[in-house]
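Take a look at the structure set out below.
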Amino acid sequence: MKSIVYIIRDDINHPKEVIDPVMEKVFDSEQWEVILTDRAKDLIETEALVDLALFFTNGRPEGETNMTPEEQRQIVQKVRNGMGIMFIHAGLVLIETDSPFYLELNSGRFIEHSPHHVEVTNNPVTSFKHPIIEGIEPFVAIDEHYYCQVDTTKTDVILFSTSQHVTAVGGWAHKVGAGKVVALTPGHNPEALGHPQMIQLMKNGVDWAARQS
């Protein structure tokens with residue numbers, strides 16, 4: 001039986017044409033049933049037992065409102081019950097400080113990005129080992145460098161991202177109830193998202209987040 005992943009992606013700045021081909025490299029079609037959507041509320045409304053959710057955008061297509069706190073809590077509960085969740089780049093946008101995603105998932109939240117695309121060096125931490133960064137080498141890509149707020153007292157920082165502007169937390173991971181949370185800030189454009197090390201980083205994140213152990 002295949003595991004089920006919902007991938008929320010596709011907006012004007014983060015089109016599916018960039019994201020979908022990379023996801024084909026991350027998810028083995030023999031192991032995963034991949035549901036692609038631009039609507040986060042699909043994840044709330046499904047009756048399927050979802051193993052993993054990936055947010056590449058905030059999942060609010062034109063004509064819909066942001067998820068309410070109650071809708072966010074429904075997703076938080078899915079994580080507490082064992083669903084893994086990953087926030088990648090723009091999936092961290094429009095998360096408020098008082099939202100369940102931030103307070104209960106510690107998803108982190110986008111604050112600002114570099115004024116233009118810059119060379120970003122992504123360095124896995126060396127102070128401890130984590131399955132998500134196992135085998136990952138530092139990698140450089142021209143990217144939109146994200147600066148995020150994240151409560152580092154409640155998570156493991158696994159990646160730092162450095163540009164000419166700043167060094168910022170680039171990735172973090174932790175457990176929430178029976179589920180797991182992963183966040184990665186790189187990945188705005190094809191060069192960054194499609195970098196072999198970034199693809200491996202996402203694969204490792206998927207393996208860790210979807211495994212209930």
Side-chain angles (χ1 to χ4, degrees), residues 5-11 13-14 19 37-46 50-61 64-114 120 122 125 130 132-133 143-161 165-188 201-202 205-206 208-210 212:
V5 57
Y6 268 68
I7 302 177
I8 294 98
R9 86 289 181 256
D10 194 32
D11 64 22
N13 294 311
H14 312 90
I19 296 168
T37 179
D38 64 349
R39 186 174 182 267
K41 292 180 182 180
D42 286 350
L43 179 61
I44 298 169
E45 295 168 0
T46 182
V50 179
D51 298 282
L52 182 65
L54 269 66
F55 278 75
F56 281 93
T57 69
N58 59 37
R60 184 197 65 184
E64 287 202 0
T65 58
N66 289 335
M67 282 189 293
T68 65
E70 178 53 36
E71 287 170 332
Q72 285 193 20
R73 287 191 187 95
Q74 291 181 56
I75 293 177
V76 171
Q77 190 57 50
K78 287 177 181 282
V79 176
R80 292 190 182 281
N81 290 343
M83 183 184 78
I85 192 166
M86 293 178 63
F87 297 88
I88 300 174
H89 195 66
L92 295 160
V93 171
L94 293 182
I95 295 174
E96 302 298 333
T97 54
D98 59 352
S99 69
F101 270 12
Y102 186 70
L103 292 178
E104 299 177 38
L105 282 184
N106 192 27
S107 59
R109 55 188 297 270
F110 166 82
I111 299 296
E112 192 177 358
H113 60 63
S114 54
V120 181
N122 299 288
V125 298
H130 194 286
I132 296 177
I133 53 173
D143 202 356
E144 185 179 64
H145 192 192
Y146 263 28
Y147 322 139
C148 290
Q149 176 186 4
V150 56
D151 187 347
T152 57
T153 68
K154 297 179 180 178
T155 191
D156 292 320
V157 175
I158 57 173
L159 189 76
F160 287 101
S161 297
H165 301 290
V166 70
T167 293
V169 174
W172 55 96
H174 55 274
K175 295 181 180 180
V176 174
K180 297 176 182 176
V181 178
V182 180
L184 300 169
T185 67
H188 181 77
L201 193 62
M202 288 186 288
V206 165
W208 183 79
Q212 294 186 19

Just by distance, no angles: are the side chains of Asn106 and Thr155 close enough, under 3.5 Å, to form a donor-acceptor pair? no
Test item: [X] side-chain N/O and [Y] main-chain N/O as donor-acceptor pair under 3.5 Å:
X	Y	value
Glu64	Pro61	no
His174	Leu105	yes
Asp143	Gly187	yes
His145	Val120	no

Rounded to the nearest 0.5 Å, what separates atom [atom1] in [X] from atom [atom2] in [Y]?
X	Y	atom1	atom2	result
Arg109	Leu94	CZ	CG	9.5 Å
Ile111	Tyr147	CD1	OH	12.5 Å
Glu45	Arg39	CD	CZ	4.0 Å
Ile133	Trp208	CD1	CH2	11.5 Å
Leu103	Asp151	CG	CG	9.5 Å
Lys78	Thr46	NZ	OG1	6.5 Å

Would you check, one step at a time, whether the test side chain to side chain donor-acceptor pair (under 3.5 Å) holds for Asp11 with Thr57? CA-CA 7 Å; Asp11 64 22; Thr57 69; 4.7 Å; no
Do His14 and His89 have ring centres separated by under 6.0 Å?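 Centroid separation for His14 and His89: below 6.0 Å.
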Heavy-atom pair with the smallest gap, counting every atom of [X] and [Y]:
X	Y	result
Ser161	Pro186	OG-CG, 4.3 Å
Phe56	Met202	CZ-SD, 4.3 Å
Ser107	Ala183	O-CB, 3.8 Å
Val182	Gly205	CG2-O, 4.2 Å
Asn81	Ala178	C-CB, 4.0 Å
Asp38	Asp10	CB-O, 3.8 Å

Is there a side chain to side chain contact (heavy atoms under 4.5 Å, CB included) between Asp156 and Trp172? Walk through the geometry before answering. CA-CA 5 Å; Asp156 292 320; Trp172 55 96; over 6 Å; no
Check the pair Ile75 / Met83 against side chain to side chain contact (heavy atoms under 4.5 Å, CB included), numbers first and verdict last. CA-CA 9 Å; Ile75 293 177; Met83 183 184 78; 4.2 Å; yes
Side-chain heavy atoms of Leu184 within contact of Asn122, under 4.5 Å: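 Of all side-chain heavy-atom pairs linking Asn122 with Leu184, none is under 4.5 Å.
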Take Glu104 and Gln72, measure what side chain to side chain contact (heavy atoms under 4.5 Å, CB included) needs, and give me the verdict at the end. CA-CA 10 Å; Glu104 299 177 38; Gln72 285 193 20; over 6 Å; no
Test Phe101 against every option in Ile95, Asn58, Leu92 by the side chain to side chain contact (heavy atoms under 4.5 Å, CB included) rule and name the one that passes.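 Answer after filtering Ile95, Asn58, Leu92: Ile95.
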Val5 and Val206: CA distance, side-chain angles, deciding distance, side chain to side chain contact (heavy atoms under 4.5 Å, CB included) verdict: CA-CA 10 Å; Val5 57; Val206 165; over 6 Å; no
